[in-house]
4 protein chains.
Amino acid sequence: MAKPRPKTVKRRAAGAKRKRTSQGEPRREAILAAALEEFSARGFATARLDDVARRAGVAKGTIYLYFRDKETLFQELVRAELSPVVKALEAAPMTDLPMRVVAERLIELFVREIFATRRKDVIRLILTEGPRFPAIAEFYYREVVAHVVTVIRRLAQRAIERGELTNDSLVRFPQLLGAPGIVAIIWSGLFDRWAKLDAEAFMRAYLDLIFGKGRAP
Amino acid sequence: MAKPRPKTVKRRAAGAKRKRTSQGEPRREAILAAALEEFSARGFATARLDDVARRAGVAKGTIYLYFRDKETLFQELVRAELSPVVKALEAAPMTDLPMRVVAERLIELFVREIFATRRKDVIRLILTEGPRFPAIAEFYYREVVAHVVTVIRRLAQRAIERGELTNDSLVRFPQLLGAPGIVAIIWSGLFDRWAKLDAEAFMRAYLDLIFGKGRAP
Amino acid sequence: MAKPRPKTVKRRAAGAKRKRTSQGEPRREAILAAALEEFSARGFATARLDDVARRAGVAKGTIYLYFRDKETLFQELVRAELSPVVKALEAAPMTDLPMRVVAERLIELFVREIFATRRKDVIRLILTEGPRFPAIAEFYYREVVAHVVTVIRRLAQRAIERGELTNDSLVRFPQLLGAPGIVAIIWSGLFDRWAKLDAEAFMRAYLDLIFGKGRAP
Amino acid sequence: MAKPRPKTVKRRAAGAKRKRTSQGEPRREAILAAALEEFSARGFATARLDDVARRAGVAKGTIYLYFRDKETLFQELVRAELSPVVKALEAAPMTDLPMRVVAERLIELFVREIFATRRKDVIRLILTEGPRFPAIAEFYYREVVAHVVTVIRRLAQRAIERGELTNDSLVRFPQLLGAPGIVAIIWSGLFDRWAKLDAEAFMRAYLDLIFGKGRAP
DNA sequence: GATGAATGAGGGTTCATTCAT
DNA sequence: TATGAATGAACCCTCATTCAT
């Protein structure tokens, strides 16, 4: 009974390892970063907390000091990475610029803040794991997608009023504007090996397609 | 009796041969159908072969008579479901109809043959599991995506020549034409709970957007 | 992903081990017997299913073919071992013999069917683990203790009517008759190392004490 | 300041010394009290030191300043709670009162000092955990049980000499006198939920049974 | 071919114990 | 002294895979 650890055995023979101990370093952040790597690379179900711990430079048990369980780690990972986006969306100023200009800025924003960062992987994780994590899908829908849809719809409405757009497709389906962004993310994870896709050029070409080439700026 | 096959003999390496019982190998089909259900519902890693077997009405061991292992089952599932599509693509006739008309037929085809069928789930599986199954991603890329891209590029080229399109976006990025289809599939798996998306209307609105409303038939 | 077992590695290099395969042999029984041993020796919480499996000559996973989990194994163990006792109790014939005679037969029965068998350990397990397993305590109370109490009360009642007993202590507290049996079981598990207790003599001395020495047959 | 004790020095082996803060080492007491609660409620193996610490209002590490490990805590807990009993036993005066009277006083003592106090739980812990803690079983046997047995044997001897008892059962098995006390403790932990047992009445009825009702006082 | 009982590696989670502060 | 974050061994349970029948 109670064989918790041989009492006579010295642990960690030498004071070697123990990499990161700069007190200021937030273990939680390290774990989240490592989890994102592992979940992205192997998927939620297949990722091993052992690997997350190793990558974060902590012991396996340490993860449980910060997260109730694997699923919670995943959910908090998504929330943590997305919350700046959520905040930015809520603070999004309504401009009076032409829609095409706004759209181009959105592309820049998307590339800089999402596509070129770890957030791209978070989005991909949501797309791939979301069906098994309704809570995450809902969070993403309510906090991100719904906002974006609303904003785009309003933009499209005004663009029509101003004559920048000649039909109401984007009002009825604002998702259309974001479609290339989603596809770019998916493509990059699936097919870049065989055919790399220049996401920014891809999305700009899309604007050319729907607004007409060079009509803007 | 019993015909106890010498114990040291390697069983047929499985996967290879096949094709005997005239009317379509009902067991194999049942397993594939069951596997699609389970993989779609739970993802590859989380799906249990036990459930696949139960759903298919066979014993667990039977699966291994037809497929080397879980991964092979998955790969053959994708191939089996996609091969008609592949064949259709290869036989796709090049028409001289206006691009918008062709695009509308593609939408109909997509809705009827993909979106309204189990193939939608196969596509979704490829999108979500592909990153962990390069073989599948590659197969899908080479046999489906590349063909579609080529076809669309050719269509776009001609459309430009005929003045139906005024810029080369679709030539440079034929993926743009398929983007809404992809997004529709993803949306349906993620967000339909909160906001159902009418895939066909969605894609038609897209054509309105890029070709101009009602300009075509 | 899916690293279920290296495909090329041959398992169980030699067809050695595989002890018990005499088809007729009930795995379930072997597991229950092994579980009783392990639970008795180490207590429920500390017993390792690994050891149960090893002792039963089966693989760890096999246990789960027969029992949902560790706790279920424990509960079914208790039920399985006690059910003959329960049946015997229900079929217990009411005799007209003097109470002392009946009590002596009960002692013989107790020694032969409980104390000299694995059931002694089951009773001990109930006494020690019961507080943490209300379901087991209740089962034992309802199916065994309550019956025994009822039977003894009836016996005591009649003994009073016949003048074999001169007070109603055993009617009010039939448990008194069984107390030495319980104490014998506890003692044997705790103190036999330092002072062995002859359970049968112990209980017979008890009858001498309450009925008077040698007054009965 | 900080007085950072040279890192290589072995901390006081813990357990030994102790005894300084005048008014009874409140921390140590708090830990022992908390430990008794937790061990009683969940058993040794299942109790968590985390909970003990929380209940005692100290940090987890603090426990280790007072006790080498979980097992030592348990053993010292038993010793601490029992030592007053041990002392009382050693000082037990030999009276010349009739045995029944003495027995009744023992019952009162048992009820007041054991059954109505936390010591009941300590006894129960010994009974349930003893088999896995030979050191505790032995301590309890030597310091408590053996003494009690000796005392009762002497009492019984004299009772026979005086004609208060007509047979030697209690001389040969003094444990018989304590049996109902043990059973009362066990019953209260197991079956009180379904059938509460009045321990004092139970033990008094026992005296009625073996000495004859009302013959005493 | 077909079955499904059996296997056992793998991984999530817990918790006694340590130690830097 | 006291703290509590960190550690990592241990253990329950799952499930892909095998194989005797």
Side-chain angles (χ1 to χ4, degrees), chain A residues 2-7 9-12 15 17-18 21 23 27 45-53 58-66 68-71 73, chain B residues 2-5 7 11-12 21 27 45-53 58-66 68-71 73, chain C residues 2-7 9-12 15 18 21 23 27 45-51 53 58-71, chain D residues 2-5 7 11-12 21 27 45-53 58-66 68-71 73:
Chain A
K3 205 185 299 168
R5 176 179 306 162
K7 284 166 193 170
V9 171
K10 279 273 168 33
R11 297 211 288 133
R12 194 134 38 83
K17 213 176 13 179
R18 203 77 276 287
T21 320
Q23 48 96 290
R27 289 283 215 271
T46 324
R48 278 148 25 192
L49 289 189
D50 230 348
D51 292 335
V52 172
V58 303
K60 204 162 23 149
T62 303
I63 295 174
Y64 289 86
L65 295 179
Y66 297 92
R68 181 198 305 288
D69 56 18
K70 194 187 187 186
E71 188 169 334
L73 168 59
Chain B
K3 258 189 270 179
R5 212 181 326 92
K7 283 167 190 169
R11 298 166 168 243
R12 171 163 48 79
T21 43
R27 270 207 163 64
T46 320
R48 284 142 43 191
L49 289 189
D50 230 346
D51 292 335
V52 173
V58 303
K60 204 159 25 146
T62 304
I63 294 174
Y64 288 85
L65 296 178
Y66 294 93
R68 183 201 309 282
D69 55 21
K70 194 186 183 186
E71 189 169 333
L73 168 59
Chain C
K3 205 184 298 166
R5 177 178 305 161
K7 284 167 191 170
V9 171
K10 279 274 169 34
R11 298 211 288 132
R12 194 134 38 83
R18 203 75 274 289
T21 320
Q23 45 95 292
R27 288 284 215 271
T46 324
R48 281 149 22 195
L49 288 190
D50 229 347
D51 292 335
V58 303
K60 207 169 9 158
T62 304
I63 294 174
Y64 291 85
L65 295 178
Y66 296 94
F67 305 94
R68 180 198 307 284
D69 56 18
K70 195 187 185 186
E71 188 168 333
Chain D
K3 256 189 274 181
R5 213 181 325 93
K7 282 168 190 169
R11 302 167 166 241
R12 169 161 51 77
T21 44
R27 270 205 161 62
T46 321
R48 283 143 43 191
L49 289 189
D50 231 346
D51 292 334
V52 173
V58 303
K60 205 159 26 146
T62 305
I63 294 174
Y64 288 84
L65 297 177
Y66 295 94
R68 183 201 308 283
D69 56 19
K70 194 186 185 187
E71 189 169 335
L73 168 59

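The sequence lines fix the lettering, A, B, ..., with proteins before strands; numbering per chain opens at 1. None of the values given here were measured: they were computed from a predicted structure.
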- Item | Distance in Å, C:T46 OG1 paired with C:D51 CG, rounded so as to fall on 0.5 Å steps | 11.5 Å

- Message: At 4.0 Å (heavy atoms only), tell me whether C:L49 reaches a base, stays on the sugar-phosphate, or touches nothing.
- Response: sugar-phosphate

- When rounded to whole Å, the CG to P distance for the pair D:D50 and E:dT14 reads 12 Å

- Item | Quiz item: D:K60 side-chain donor-acceptor pair to E:dT17 base, under 3.5 Å | yes

- Query: Between atom CG in B:D69 and atom C1' in F:dT18, what is the gap in whole Å?
  - Reply: 13 Å

- Note: for B:V58 and D:A47 on DNA chain E, the residue whose nearest nucleotide lies more 5' is B:V58

- Ranking F:dT1, F:dC12, E:dG1 by distance to the side chain of B:L65, first place goes to E:dG1

- Note on the structure: Of C:A45 and D:I63, the one whose closest nucleotide on DNA chain F sits nearer the 5' end is D:I63

- In whole angstroms, the gap separating P of F:dA10 from CZ of D:R48 amounts to 21 Å

- Item | Pairing partner of E:dA20 (Watson-Crick or G-U wobble, both distances under 3.5 Å) | F:dT3

- Item | First of A:K70 and B:T62 reached from the 5' end of DNA chain E, by closest nucleotide | B:T62

- Note on the structure: Rounded to the nearest 0.5 angstrom, the CG-NZ distance for A:L49 and A:K60 is 8.0 Å

- Message: Whole angstroms only, please: what is the OH-C1' distance between C:Y64 and F:dC11?
- Response: 9 Å

- For F:dG8, what is the paired nucleotide under Watson-Crick or G-U wobble rules, both distances under 3.5 Å? E:dC15

- Query: What pair of heavy atoms forms the shortest contact from B:A45 to A:A45, and how long is it?
  - Reply: CB-CB, 3.6 Å

- Starting at atom CG of A:L73, determine the distance to atom C1' of E:dG12, rounded to an integer number of angstrom. 12 Å

- Does A:G61 or B:T46 map to a spot on DNA chain F nearer the 5' end, using the closest nucleotide for each? A:G61

- Query: Rounded to whole angstrom units, what separation is found between the OH atom of B:Y66 and the C1' atom of F:dT17?
  - Reply: 18 Å

